[in-house]
Engineer: 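After the C-alpha cells below, expect a handful of questions from me.
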Amino acid sequence: MRASLVGTGYVGIVTGACFAHSGHDVIMVDNIKEKVDAINAGRSPIYEKGLEEMISEEVRRGRLKGTTNLREAVEFSDITFICVGTPALPDGSQNLAYVKAAAEEIGAAIEEKDIFHTVVVKSTVAPGTTLGTVKPILEQTTGKKAGEGFGLGMNPEFLKEGDALNDFLKPDRIVYGCVGEGAAKMLREIYAPFSAPVIEKDCTTAEMIKYASNSLLAARVALIDEIGNICKALGIDVRDVAAAAGMDRRIGPHFLHAGIGFGGSCFRKDVSALAWKGGELGVETPILSSVISQNDAQPLRIVQLLTSRMDVKGRRIGILGLSFKPGTDDIRDAPSIVVVRSLLEKGAKVVAYDPMAKENFSKLFPQVSYAKSASEVVASSDSVLVLTEWKEFADPSLYGNKPVFDGRGVTRTANYEGVCW
Ligand SMILES: NC(=O)c1ccc[n+]([C@@H]2O[C@H](COP(=O)([O-])OP(=O)(O)OC[C@H]3O[C@@H](n4cnc5c(N)ncnc54)[C@H](O)[C@@H]3O)[C@@H](O)[C@H]2O)c1
C-alpha cells in the first residue's frame, strides 16, 4: 500500500519505517525541514535502537522518503496517518491544535483528489475526539461525508520508547476503529503483514482502549511506588515484596518496579486527559487524580533522602541517567528534570552523565556540567544519584566507596541506599 504519515516524532517515524520495512511505500511529512532532510539522508530524527539502520535501508530501497509538502504526500498515498503531538493544557485537557491543523490540511488535499482516501488518527486523542473534532473538520474541508466520500479511522499506538521497533513489529494487539468499510479494508491491508490479534471496533472504543491501557500501567507504577515508600519507612526492600506479589498470576510481574516514578510524554498527559474527560462527562475520577499527584511527588523522595544524609549546598552531586527510561534520548517529563531543578535550587553543583540524552537535557539545563562517562561523574562528585536504569550503571565496581542513592534499583554498592529499599 501507499501510506503517508504526518509527524515524524517517536510514533510517526517508527510507524513509517516499520510500514516500509513490511513492504509498503511510505512518505513521511513534517513541517520541521531538518527532520525531513535527516530521513531523506537515511538518518533518524530520534534515537531508537535499530531505527537508523531501518530508515537508511528503506530509503535506499526507495520505500521510505520524507517531505514538508503534505499535499504531495496525500496525493502520493491511499491512506494518511495523523501522528502529531497532543500535549496537555494546564487544565489537563489536550491541546488539539496540531491534530486540527493536520486534519484541515489533509482535508484540503483530499478535496482535490478523485480517488477514495482514508485518514487515520494515530495520535493519542481523548475518547470522542475523532468523531467529535476530526470528522467535522474533514467533512467541512473535503465537502464529503466520512465513510462515503473518504475513509476515517482511529488507530492508537502502544509502542514503548526504548523497544519501539520490536513493539511495533510484534505488537500484543492491533486496535482500530473505523467509520465505513472503506477505511476498515485499508487498515486490514496495511496491517496484514503483522501477526497479532486485531481488535476492530468503533473510533471511540479504540480511543478509550489506549487511555485504559496507559491509565492501568500508570496506576500500577504509582501504587508500587507508594507501597515502596512504606517499605522504606519499615526498613524493608520493596523489590522483595514486589517480586513475591508479582508471582500471583492475577497480578503478574510487569510494571512493579518501584522507584522515582514514571516519566515520558504519555502517561501523565493521558491520565490527566482521561480525568479531564471524566469531569466533562460528570464522572468523578479520584484514582486518576491520585496517580498524578503521587507520581509528581515521587522524584523528590530521592532528593529528600540525599538531603537527610548530607547538606548539599556547595557540594557536587553526580547524576547518572537523564532520559526518562533506558534506550531513548527522550527527556519529556523525566524525573531527572525535577531532581536536578531541586538540587540546583538547594545550591548544589550538578555533574551529569547519560549515554543518549545529554544533548536534549543540556538545552534545558546549560548550567549543569556534563561528563563523558559514568566513572567521570563518580570521580568528580561527593555523592551519586542513579535516576535511569541504563545497564552500564549496574556494575558495583564503578562506584567504589562513594555514597550512592539509587532511584531505580539498578545496582547495589558498598555505600548504598535506595529510594524504596
Ligand atoms: N512517544 C510515545 O512513546 C508515544 C506512544 C504512543 C502514542 N503516542 C502518541 O502519539 C502522538 C505523537 O507523539 P510523539 O511522541 O511521536 O510526538 P512528537 O512531538 O515527538 O512528534 C510530533 C511531530 O509532528 C510534527 N508536526 C506537528 N504538526 C504538524 C503538521 N501540521 N504537519 C507536519 N508535521 C507536524 C512535529 O514537528 C513533530 O515532529 C501523541 O499523541 C502521543 O501521545 C506517543
Side-chain angles (χ1 to χ4, degrees), residues 214-248 250-264 266-272 275 285-312 317-326 333-346 348 383-390 393-394 399 403-413 415-421:
N214 273 4
S215 298
L216 286 163
L217 291 170
R220 214 169 140 99
V221 176
L223 186 54
I224 196 65
D225 283 344
E226 193 166 283
I227 291 168
N229 296 342
I230 300 171
C231 288
K232 180 76 184 172
L234 288 168
I236 59 174
D237 190 331
V238 68
R239 295 170 297 184
D240 297 333
V241 174
M247 289 167 82
D248 184 326
R250 294 168 304 174
I251 298 170
H254 301 293
F255 267 71
L256 286 184
H257 302 290
I260 51 170
F262 59 74
C266 292
F267 279 5
R268 193 182 193 288
K269 92 173 162 65
D270 294 350
V271 172
S272 302
T285 54
I287 297 179
L288 294 176
S289 306
S290 299
V291 167
I292 294 165
S293 53
Q294 201 292 330
N295 191 68
D296 282 352
Q298 196 66 14
L300 287 173
R301 293 192 73 88
I302 200 164
V303 180
Q304 286 153 8
L305 180 63
L306 172 69
T307 52
S308 71
R309 303 292 185 261
M310 67 156 67
D311 180 6
V312 296
I317 306 300
I319 300 288
L320 292 183
L322 299 168
S323 59
F324 84 92
K325 62 150 95 166
D333 273 353
S336 59
I337 296 174
V338 176
V339 172
V340 168
R341 187 173 295 133
S342 169
L343 289 172
L344 293 172
E345 278 165 12
K346 290 182 190 315
S383 214
V384 176
L385 307 187
V386 184
L387 304 185
T388 314
E389 59 273 41
W390 289 100
F393 302 155
Y399 302 91
V404 175
F405 298 90
D406 186 355
R408 295 297 186 189
V410 183
T411 184
R412 200 182 286 267
T413 74
N415 191 350
Y416 173 84
E417 213 176 329
V419 75
C420 294
W421 51 92

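Keep in mind that this is a model prediction, so the values were computed, not measured.
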Engineer: Measuring only between side-chain heavy atoms, which start at C-beta, is Ile260 closer than 4.5 Å to Arg301?
Structural biologist: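 When only atoms from C-beta onward are counted, Arg301 and Ile260 do not touch, as no gap falls below 4.5 Å.
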
Engineer: For a quick test of reading the model, state the closest non-hydrogen atom pair linking Ser308 to Leu305 and the distance between them.
Structural biologist: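 Between these two residues, the closest heavy atoms are OG-O, 2.6 Å.
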
Engineer: To the nearest 0.5 Å, what is the distance between OG on Ser336 and CG on Leu387?
Structural biologist: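 With rounding to 0.5 Å, OG (Ser336) is 6.5 Å from CG (Leu387).
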
Engineer: Between atom SG of Cys266 and atom CG of Leu217, what is the distance when rounded to the nearest 0.5 Å?
Structural biologist: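 Answer rounded to 0.5 Å: 11.0 Å.
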
Engineer: Within the structure provided, determine whether Asn229 and Cys420 are in side-chain contact (heavy-atom separation under 4.5 Å).
Structural biologist: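 Sidechains of Cys420 and Asn229: in contact.
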
Engineer: May I ask you to test the Met310-Val312 pair for a side-chain heavy-atom distance under 4.5 Å?
Structural biologist: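 In contact.
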
Engineer: Can you tell me if Asn415 and Tyr399 form a side-chain donor-acceptor pair at under 3.5 Å?
Structural biologist: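 No donor-acceptor contact under 3.5 Å links the two side chains.
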
Engineer: What I'd like to find out is whether the side chain of Leu385 reaches to under 4.5 Å of the side chain of Leu343, using heavy atoms alone.
Structural biologist: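 SC-SC contact between Leu385 and Leu343 confirmed.
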
Engineer: Tell me every residue that passes side-chain hydrogen bond (donor to acceptor under 3.5 Å, both in side chains) with Glu389, counting only those two or more places apart in sequence or in another chain.
Structural biologist: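 If we apply the side-chain hydrogen bond (donor to acceptor under 3.5 Å, both in side chains) test to Glu389, skipping adjacent residues, there are no hits.
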
Engineer: Going by the rule side-chain hydrogen bond (donor to acceptor under 3.5 Å, both in side chains), which residues pair with Glu417 if we only count those two or more places apart in sequence or in a different chain?
Structural biologist: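 side-chain hydrogen bond (donor to acceptor under 3.5 Å, both in side chains) list for Glu417, sorted by chain: Lys232, Arg309.
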
Engineer: Ignoring hydrogens and angles, tell me if any N or O in the side chain of Asp270 forms a donor-acceptor pair with the backbone of Asn214 under 3.5 Å.
Structural biologist: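 Judged by distance alone, no pair lies under 3.5 Å.
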
Engineer: Just by distance, do the side chain of Gln298 and the backbone of Gly259 share a donor-acceptor pair under 3.5 Å?
Structural biologist: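 Between the backbone of Gly259 and the side chain of Gln298 there is a qualifying donor-acceptor contact (under 3.5 Å).
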
Engineer: At their closest point, which heavy atom of Gly321 faces which heavy atom of Phe393, and how far apart are they?
Structural biologist: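 For Gly321 and Phe393, the tightest heavy-atom pair comes out as N-CE1, 3.5 Å.
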
Engineer: Work out which heavy atom in Asp225 is nearest to a heavy atom in Ala258; give both atom names and the distance.
Structural biologist: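 Nearest heavy atoms, Asp225 then Ala258: OD1-CA, 3.1 Å.
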
Engineer: Before giving the answer on side chain to side chain contact (heavy atoms under 4.5 Å, CB included), spell out for Phe405 and Val419 the whole-Å C-alpha distance, their side-chain angles and the decisive distance to 0.1 Å.
Structural biologist: CA-CA 7 Å; Phe405 298 90; Val419 75; over 6 Å; no

Engineer: In terms of side-chain heavy atoms, does Asn295 have a donor or acceptor partner in Arg268 at a distance below 3.5 Å?
Structural biologist: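 On atom types as modelled, these side chains do not qualify, holding no pair under 3.5 Å.
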
Engineer: Any Lys/Arg nitrogen of Asp237 or Arg412 sitting under 4.0 Å from an Asp/Glu carboxylate oxygen of the other?
Structural biologist: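 Looking at Asp237 and Arg412, the cut-off is met.
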
Engineer: Please state whether the rings of Phe262 and Phe267 are parallel, tilted or perpendicular, taking 30° and 60° as the class boundaries.
Structural biologist: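 Phe262 vs Phe267 ring planes: perpendicular.
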
Engineer: Is the closest side-chain heavy-atom distance between Cys231 and Trp421 below 4.5 Å?
Structural biologist: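 No; the side chains remain at least 4.5 Å from each other.
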
Engineer: Less than 4.5 Å apart, any side-chain heavy atom of Pro403 and any of Val384?
Structural biologist: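 With C-beta onward as the side chain, the pair stays apart.
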
Engineer: Decide side chain to side chain contact (heavy atoms under 4.5 Å, CB included) for Leu322 and Trp390; before the verdict, give the C-alpha distance in whole Å, the side-chain angles of both, and the deciding distance to 0.1 Å.
Structural biologist: CA-CA 10 Å; Leu322 299 168; Trp390 289 100; over 6 Å; no

Engineer: Does Val241 reach the side chain of Ile224, with side-chain heavy atoms less than 4.5 Å apart?
Structural biologist: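 The answer is no, as the side chains (C-beta and beyond) never meet within the 4.5 Å cut-off.
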
Engineer: Please name the pair of heavy atoms, one in Lys325 and one in Thr388, separated by the smallest distance, quoted to 0.1 Å.
Structural biologist: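 In terms of heavy atoms, the two residues are closest at C-CG2, 3.5 Å.
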
Engineer: Shortest non-hydrogen contact from Asp406 to Ile302?
Structural biologist: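 Nearest pair, atom of Asp406 first, then Ile302: C-CD1, 3.9 Å.
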
Engineer: Can you tell me how far CG of Leu288 sits from CD1 of Ile292, rounded to the nearest 0.5 angstrom?
Structural biologist: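 The CG atom of Leu288 is 7.0 Å from CD1 of Ile292, to the nearest 0.5 Å.
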
Engineer: Minimum heavy-atom separation for Ile251 to Gly246, with atom names?
Structural biologist: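 The answer is CG2-CA, 4.2 Å.
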
